[in-house]
Amino acid sequence: MTFATGRALHKMLAPPPTEVTFAVRGFHTGQPQARDYLEQIGRWFLTGLEYGMTVPGEHEIAARLETVAREGRGFAYEGASMALAILDGLLPGRGGRLHRFIAGPAAHHVYTAHIGAGWALARLPAPLRPRVRLGDPLLRRLALDGYGFHEAYFRTPVVVGEQRPPRILRRGPGTARDAAHVVDQGIGRALWFVSGADVDRLAGTIDGFAPARQPDLWAGAGLAATYAGFRGATGPAGGEEDPAAIRAAEASLRELAARAGRHLPDAAQGAAFAAKARERAGVVTPHTVAAVRALCGMEVAEAARCTDEALPADPAAADAYQTWRRRIRRRFAELPSPARPES
């Protein structure tokens with residue numbers, strides 16, 4: 001791929017920066033600081049998307065991504081992975097760009113990289129999707145999570161307002177039932193953005209969905225609340241931590257745990273996934289710590305270890321991903337009550 005080709009494709013396919021603003025998306029605006037931070041996450045993603053489409057070579061792309069603000073790199077790697085998956089799908093040749101990226105310089109962001117592939121699946125015509133190669137038999141399910149997020153984020157009136165199942169479930173990989181669980185986890189992640197990180201708005205939106213869908217939506221919400229959060233952990237200069245922001249986030253996270261109610265083990269499962277992703281990337285922020293304590297009742301390292309201990313024996317089994325999630329949920333359902341957040 002030439003530099004000119006990448007630039008042309010980026011100009012043609014990439015959403016403009018205004019597409020990640022709440023004003024354009026029509027998302028709920030709660031606290032302005034939360035809105036600003038969630039919009040910044042979108043800009044980090046778009047930065048990664050640009051690098052993935054315009055910088056030649058997977059290692060060169062990663063070098064550029066490492067210049068992004070530390071807490072935003074996971075989102076930038078997600079955007080770059082979307083770009084590489086789109087290039088694999090559209091351009092002639094053997095492809096493999098995304099596979100090489102995940103196996104090499106993006107290995108420490110393996111979770112967000114697989115999610116980024118799901119964004120690409122939402123943009124690629126169905127006949128081109130098989131050209132996106134994901135080698136990990138377990139984590140490749142995360143592409144469905146990414147697809148669900150994309151659809152709820154960009155088709156909010158239909159997917160959230162009308163609660164229509166995303167289109168991929170009519171022809172998607174795996175069994176329709178298992179795919180729907182993962183897609184709903186992605187929709188739950190998007191609801192964190194759609195609700196503007198407003199806990200009351202989020203809980204009310206999830207309550208409006210069919211009861212059978214709510215556990216997966218809460219899992220996604222817990223994941224997003226932990227990985228994305230409410231606001232940056234540092235001040236405007238990216239240096240000193242903001243203690244007031246962290247204290248405010250802790251109070252909101254305790255409220256989130258209370259509003260989850262009987263679905264708290266589901267939210268904890270999502271938070272544990274986020275803990276593992278942040279720990280593996282080496283980007284654990286004060287907000288990560290606060291969220292895992294509130295939703296899981298433990299420290300980040302222990303929550304990450306729970307995800308490792310719950311790994312299925314056969315990651316290629318049809319129900320492996322759901323088995324993994326069930327084991328993690330069971331771990332948090334069995335916690336003694338003093339370790340659970342107070343409502």
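Given the structure is predicted, the values throughout are model-derived calculations rather than measurements. Side chains included, hydrogens not; waters and symmetry mates left out as well; all remaining heavy atoms used.
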Single hit among L134, D145, L144 for side chain to side chain contact (heavy atoms under 4.5 Å, CB included) with H114: L134
Least distance between heavy atoms, S195 atom then R201 atom: CB-CG, 3.7 Å
Plane angle bin for Y147 and H150 - parallel if under 30°, tilted between 30 and 60°, otherwise perpendicular: tilted
Centroid-centroid distance, Y227 to F273, less than 6.0 Å: no
Note: K276-D308 ion pair, threshold 4.0 Å (strictly below): yes
Pair R326-T323, side-chain donor/acceptor within less than 3.5 Å: yes
For A197, all residues meeting side-chain contact (heavy atoms from CB on, under 4.5 Å), sequence neighbours excluded: A34, L38, W192, F230
Partner of F193 under ring-ring contact (aromatic ring centres under 6.0 Å, His included), chosen from F27, F45, F149: F149
Between F209 and W218, ring centroids under 6.0 Å: no
Residues E58 and R97 bridged, charged N to O under 4.0 Å: no
D216 bridged to R325 by N-O distance under 4.0 Å: yes
Ionic contact status for R131 with D88, cut-off 4.0 Å: no
In one Ile/Leu/Val/Met/Phe/Trp/Tyr side-chain cluster, 4.5 Å: L128, M53: yes
Single-linkage hydrophobic cluster, 4.5 Å side-chain cutoff, F154 and I86 together: yes
Distance, nearest 0.5 Å, that separates CG of L191 from NE2 of H28: 13.0 Å
Short N-O contact, R64 and E50, less than 4.0 angstrom: no
Ring centers of Y77, Y111 separated by less than 6.0 Å: no
